[in-house]
Amino acid sequence: MSKKRGKLQIIYDILSVINERNGRIKPTNILYKSNLSNKMFQEYMSDLIQKGFIVENQTKSGKTYSLAQKGFDYLDKYQMIVDFTTSFGLGE
Amino acid sequence: MMDHAIVPHWFLGYNILLELLFFAITLIVAVYALKVYQLSGHKQSKLFGITFLMISAAYLIQSVLNIVASYSTDICCDMQPISPMPAYSLAGIYVHILLYASGLVTLAYMTLKLKDLKAYFLFMVVALTALLVSSNPLFFFYVISTILLIYVSFYYLKNYLDTKKSNALVVFIAFLFLMFAKIHFIFSIDHGTYYVAGHLLEFVAYVLILVNLLMVIRRK
């Protein structure tokens, strides 16, 4: 059985999904690929928007999401963030 | 009455260099932790950064106090005299104690993974009040620091056992050295040798913390 994902890993997974199809991904696709419950998904998405990791775009066909610069930075530095938090016991 | 730590004459100067080094290392760790917080919004990293920022400021004040003391000490003597100290020196020691103790309380609170600020302020008020009203704040500070570091060391031992990562082991050993350093400082009020040993143990601890940080930075 795989280990439960931590918060940092979940954020990484969500941002990676958006990054794969930057600017064109719909919430249902992110929900499906990020493997979260609807409630958890809503919490993470609003948190990521509020903290400036992702941007919500309103299109004719509904909402889509794209990465903000902070989201790209997170993906780029993810391994360092994980190593830092793990070694200093900062947990999730 | 505030007791002094007894500083062997030959160690004067080296202690200042070491404290400035501790200041620099803890500041680097604090900046990096706050950078991780900025990148990830990870709150534990923010608390860790604040912890090291407070400890860093405490070392800066300690080194400045020791620089001032080294100019005002009669160099003919083997030990610093135990005499009434100037008000600014006394205030400086109190600020050092309060900053360092606040840092350790913040670190201990972080390891509890609580999300209740009321609990944090309660720990802080209890620890700092106890230090302020103590008849011997310096001695009591070392005792409180030792207790907090024993707890934090156990936390890092558990962290290593959970992750089995080499850098987690390095951090555990570093906090173990910091704990032993504080135990030596308890006795430094009577014996200069313990003051030297405390500084050397702290040196090993902070070098290990720096080594871990370099391992993290290089691996990215």
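For the atom pair CE (B:M215) and CG (A:D83), the distance works out to 9.0 Å, reported to the nearest 0.5 Å. Separating the NZ atom in A:K7 from the NZ atom in B:K43 is a distance of 6.5 Å, to the nearest 0.5 Å.
Neither the backbone nor the side chain of B:A174 comes within less than 4.5 Å of any heavy atom of chain A. For B:Y155, the part sitting under 4.5 Å from any heavy atom of chain A is the side chain, from C-beta outward, and nothing else. With a 4.5 angstrom heavy-atom cutoff, B:L169 does not touch chain A via any of its atoms. For A:Y78, no part lies near chain B; criterion is any non-hydrogen pair under 4.5 Å.
Counting heavy atoms from C-beta outward, A:F88 and B:V216 have side chains that stay 4.5 Å or more apart. At least one side-chain heavy atom of B:H42 sits under 4.5 Å from a side-chain heavy atom of A:L90. The side-chain heavy atoms of A:M80 and B:Y32, taken from C-beta on, include a pair separated by under 4.5 Å. Looking at A:T85 and B:Q44, their side chains never come closer than 4.5 Å, going by heavy atoms from C-beta outward. In this structure, B:L39 and A:K70 have side chains that are not in contact, with every pair of non-hydrogen atoms separated by 4.5 Å or more.
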Please assess A:I11 against B:S40 for the test side-chain contact (heavy atoms from CB on, under 4.5 Å), listing each intermediate value before the final yes or no. CA-CA 9 Å; A:I11 292 172; B:S40 63; over 6 Å; no

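Environment of CZ in B:F154: sparse, with no more than 12 heavy atoms of neighbouring residues, nucleotides or ligands closer than 6.0 Å. Atom CD of B:Q38 sits in a sparse spot, with 12 or fewer heavy atoms from other residues, nucleotides or ligands closer than 6.0 Å. Open room surrounds OH on B:Y194; 12 or fewer heavy atoms of other groups in view lie less than 6.0 Å from it. Within 6.0 Å of CZ in B:F11 there are more than 12 heavy atoms belonging to other residues, nucleotides or ligands. Around the NZ atom of A:K51, the shell of radius 6.0 Å holds more than 12 heavy atoms that belong to other residues, nucleotides or ligands. Shown here is B:Y109, whose OH atom has more than 12 heavy atoms of other residues, nucleotides or ligands within 6.0 Å. With a 6.0 Å radius and a threshold of 12 heavy atoms from other residues, nucleotides or ligands, B:F203 has its CZ atom at or below the threshold.
Partner A:S87 forms a side-chain contact (heavy atoms from CB on, under 4.5 Å) with one of B:N167, B:N159, B:T163 and no other, that one being B:N167.
A:F84 and B:F48 have perpendicular rings, their planes meeting at more than 60° on a 0 to 90° scale where under 30° would count as parallel.
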